[in-house]
2 protein chains.
Amino acid sequence: MQRNTRQRTAILETLSRQDDFRSAQQIHEQMKADGETVGLATVYRNLQALSRSGRLDVLVAGDGESQYRQCADTGHHHHLVCRECGRTVEFLAPKLESAMTAIAHEHGFTDVDHTLEVFGLCADHTGQSVGPDEDLDDDPDDEDEGRAR
Amino acid sequence: MQRNTRQRTAILETLSRQDDFRSAQQIHEQMKADGETVGLATVYRNLQALSRSGRLDVLVAGDGESQYRQCADTGHHHHLVCRECGRTVEFLAPKLESAMTAIAHEHGFTDVDHTLEVFGLCADHTGQSVGPDEDLDDDPDDEDEGRAR
DNA sequence: AGCGACATGACAATCATTCTCACAACGGAT
DNA sequence: ATCCGTTGTGAGAATGATTGTCATGTCGCT
C-alpha cells in the first residue's frame with residue numbers, strides 16, 4: 001500500500017504548482033530551491049509510481065529524458081507543447097484515436113496503443129521563425145476538443 | 001563532403017537487411033557478428049548523420065533508447081510497430097496530419113511538428129490469426145487502455 | 001604520389017536513471 | 001500512546017546509452 005510520506009506530499013505539491021513538463025532533475029532542483037530536502041532517487045521513484053498509477057503524464061523528450069506533468073485531464077489525452085517555453089495545452093482528438101485504431105486493425109494489429117505529441121511555437125514565441133513561415137493548414141476538419149489550461 | 005568509407009557502406013548494408021527498428025548497440029553487435037570491424041562510436045555517428053539527412057527513421061523507445069530503421073518511404077510517415085516482434089508497417093495519414101496542425105493553429109502554435117507512433121500486436125502475436133495480408137475488418141470495439149509510460 | 005579535410009577507433013567522460021542497503025518513518029494493531 | 005512489520009528514504013555506487021577527445025587513418029582530388 002501507498003503510504004503518505006512528507007516527501008511524497010512535497011513532490012505532489014511541487015508538481016501542482018508546475019504547469020509545464022519538467023524532468024525529474026528539474027523537479028528535484030526546484031524542490032531543493034524551495035527548501036525541501038528530498039533525495040533524487042526518491043523523486044525518481046515517486047514520479048515513476050505516480051505516472052504508473054496514472055496521476056502524472058510522461059513525455060519522453062528527444063534526448064531520452066523523461067518529463068513529467070500533472071495534467072488536468074486524468075484520462076487519455078495528448079499534448080501540444082511549445083518548443084521554446086514548454087507551455088503545454090492538453091487536447092482530445094477522438095477522431096484521430098479511432099482513425100489510428102482503424103489503420104492498425106486493417107493491418108491485423110490488436111491491443112493497440114499509441115504516442116502522439118505535437119510540438120510547435122506558442123503565440124508568445126512565434127517570433128522571426130526560420131524560413132518563409134511554412135503554413136501547411138489545409139483541411140480544417142475542425143472538431144477538436146482543445147482545452148486550454 | 002560526405003565521404004564513402006568502408007564503415008559507412010557496411011552500416012548501410014546492414015541496415016538494408018534489417019526490417020525492424022534496431023538500436024545502435026544492436027546494429028553494432030550485428031555487424032560484429034557479421035565479421036565487420038566498426039567502432040561503436042562510428043556506428044552512432046553514422047546513424048545520427050543518416051537520420052539527420054532523412055535516410056533513416058528514428059524511434060525513441062520508452063526507455064529512452066533510440067532505434068533506427070531504413071524506411072521505404074523517405075517522406076513523412078508514421079509507424080505501426082509490433083510490441084512483440086518489432087515488425088513494422090509504415091503508413092500515411094494525411095487527415096491526421098492536417099487535423100493535428102489545425103488543432104495546433106487554433107491554439108496559436110506555429111512551426112508545428114509532431115511525433116506519432118502506433119504500437120500493438122501484429123497478427124502473428126495476437127493469439128488469433130487474421131486474414132493473409134489485407135483485412136478490412138472494422139471492429140469498433142477498442143479496449144485500449146492508456147498505458148502511460 | 002601528395003595533401004588536407006573529414007572519418008575512425010579506443011577509451012574516457014557525461015548524464016539520466018536505477019540499484020543497494022542501512023536506517024527512518026507510516027499506520028494498523030495493541 | 002506504543003509496538004512492530006512493512007514500506008519509503010537517502011547517499012552513493014552502479015549501469016548503460018550516448019557523446020567527447022584526439023591521435024591516426026584514409027577518401028577524393030590534383
Side-chain angles (χ1 to χ4, degrees), chain A residues 1-15 18 20-53 55-69 81 86 115 117, chain B residues 1-15 18 20-53 55-69 86 115 117 147-149:
Chain A
M1 340 51 211
Q2 194 82 316
R3 288 181 184 171
N4 296 321
T5 64
R6 166 180 63 77
Q7 294 86 342
R8 183 162 302 150
T9 304
I11 291 172
L12 280 169
E13 214 279 311
T14 300
L15 283 168
Q18 269 305 153
D20 310 328
F21 276 94
R22 286 284 141 80
S23 70
Q25 309 264 0
Q26 291 178 311
I27 292 168
H28 180 240
E29 277 176 42
Q30 172 71 59
M31 295 184 71
K32 201 158 55 181
D34 291 350
E36 300 284 355
T37 56
V38 178
L40 179 57
T42 299
V43 173
Y44 271 102
R45 274 188 295 247
N46 280 290
L47 289 177
Q48 276 187 183
L50 288 167
S51 68
R52 221 179 297 122
S53 66
R55 298 217 276 161
L56 237 52
D57 272 16
V58 193
L59 200 57
V60 178
D63 63 342
E65 195 177 16
S66 291
Q67 307 204 295
Y68 303 82
R69 178 176 190 263
V81 185
T115 64
E117 304 297 341
Chain B
M1 18 226 286
Q2 191 82 318
R3 291 179 183 172
N4 296 322
T5 63
R6 168 180 63 77
Q7 293 85 342
R8 184 163 303 151
T9 303
I11 290 172
L12 280 170
E13 214 280 312
T14 299
L15 283 168
Q18 270 306 154
D20 310 329
F21 276 95
R22 285 284 141 83
S23 70
Q25 309 264 0
Q26 291 178 310
I27 292 168
H28 179 241
E29 278 176 41
Q30 173 71 59
M31 295 183 71
K32 201 157 56 180
D34 290 349
E36 300 284 355
T37 56
V38 178
L40 180 57
T42 300
V43 173
Y44 271 102
R45 275 188 294 247
N46 279 291
L47 288 177
Q48 277 186 184
L50 288 167
S51 68
R52 221 179 297 121
S53 66
R55 298 217 276 161
L56 236 52
D57 274 15
V58 193
L59 200 56
V60 178
D63 64 342
E65 194 176 17
S66 293
Q67 307 205 293
Y68 303 83
R69 177 178 192 263
T115 64
E117 305 297 341
R147 55 111 212 188
R149 211 280 87 180

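Counting heavy atoms from C-beta on, the side chains of A:L47 and A:V58 never come closer than 4.5 Å. B:R8 is listed as a side-chain neighbour of B:Q2, based on a closest heavy-atom distance under 4.5 Å. Between B:Q26 and B:V43 there is no side-chain heavy-atom pair separated by less than 4.5 Å. Taking 4.5 Å as the limit, some side-chain heavy atom of A:R6 sits within range of a side-chain heavy atom of A:T37. Here the side chains of B:L12 and B:R55 are in contact, with some heavy-atom distance below 4.5 Å.
If you check every strand for non-hydrogen atoms under 4.0 Å, A:S23 touches nothing. Nucleic acid contact class of A:N4 (heavy atoms, under 4.0 Å, all strands): sugar-phosphate only. Residue B:Q25 is in base contact, counting any heavy-atom pair closer than 4.0 Å across all strands shown.
In the interface, the side chain of B:R45 is not paired with the base of D:dG20 through any donor and acceptor atom under 3.5 Å apart. In this model, no side-chain donor or acceptor of A:R6 finds a partner on the base of C:dA25 within 3.5 Å.
Counting only distance, with no hydrogens or angles, the side chain of A:D63 and the backbone of A:E65 share a donor-acceptor pair below 3.5 Å.
Remark: P of D:dG12 and NE2 of A:H28 are 12 Å apart, rounded to the nearest angstrom. Distance, B:L47 CG to C:dA7 C1': 15 Å, rounded to whole Å. Separating the CD atom of B:E65 from the C1' atom of C:dC15 is a distance of 16 Å, rounded to the nearest angstrom. Computed from coordinates, the B:I27 CD1 to D:dA17 P distance equals 13 Å when rounded to whole Å. What separates CG of B:L12 from P of C:dA7 is a distance of 14 Å, to the nearest Å. One interatomic measurement links the two molecules: CD of A:Q48 to P of D:dT9, which rounds to 13 Å at whole-angstrom precision. Note: OH (B:Y44) to C1' (D:dT21) measures 17 Å, nearest angstrom. Note: CZ (B:R22) to C1' (D:dA17) measures 17 Å, nearest angstrom.
Taking the nucleotide of DNA chain C with the nearest heavy atom to each of B:T42 and A:D63, the more 5' of the two is matched to B:T42. Along DNA chain D, the nucleotide nearest B:Q67 and the nucleotide nearest A:R3 are compared for position; the residue whose nucleotide lies closer to the 5' end is A:R3. Each of B:R8 and A:Q2 has a nearest nucleotide on DNA chain C; the 5'-most of these lies closest to B:R8.
Within the 4.0 Å cut-off from OP1 or OP2 of C:dA25, not a single side-chain nitrogen or oxygen of A:T5 is found. For the pair A:Q7 and D:dG10, the criterion of a side-chain N or O lying under 4.0 Å from OP1 or OP2 is met.
Closest to the side chain of B:N46, out of C:dT8, C:dA7, D:dG8, is C:dT8. Looking at the side chain of B:A41, the nearest of the listed nucleotides C:dG9, D:dT7, D:dT18 is C:dG9.
Residues passing the side chain to side chain donor-acceptor pair (under 3.5 Å) test with A:T42, sequence neighbours excluded: A:R45. Residues passing the ring pair (Phe, Tyr, Trp, His ring centres under 6.0 Å) test with A:Y44, sequence neighbours excluded: none.
Taking five base pairs at each end of the helix from C:dA1-D:dT30 to C:dT30-D:dA1, the local helix axes there meet at an angle of 30°, rounded to 10°.
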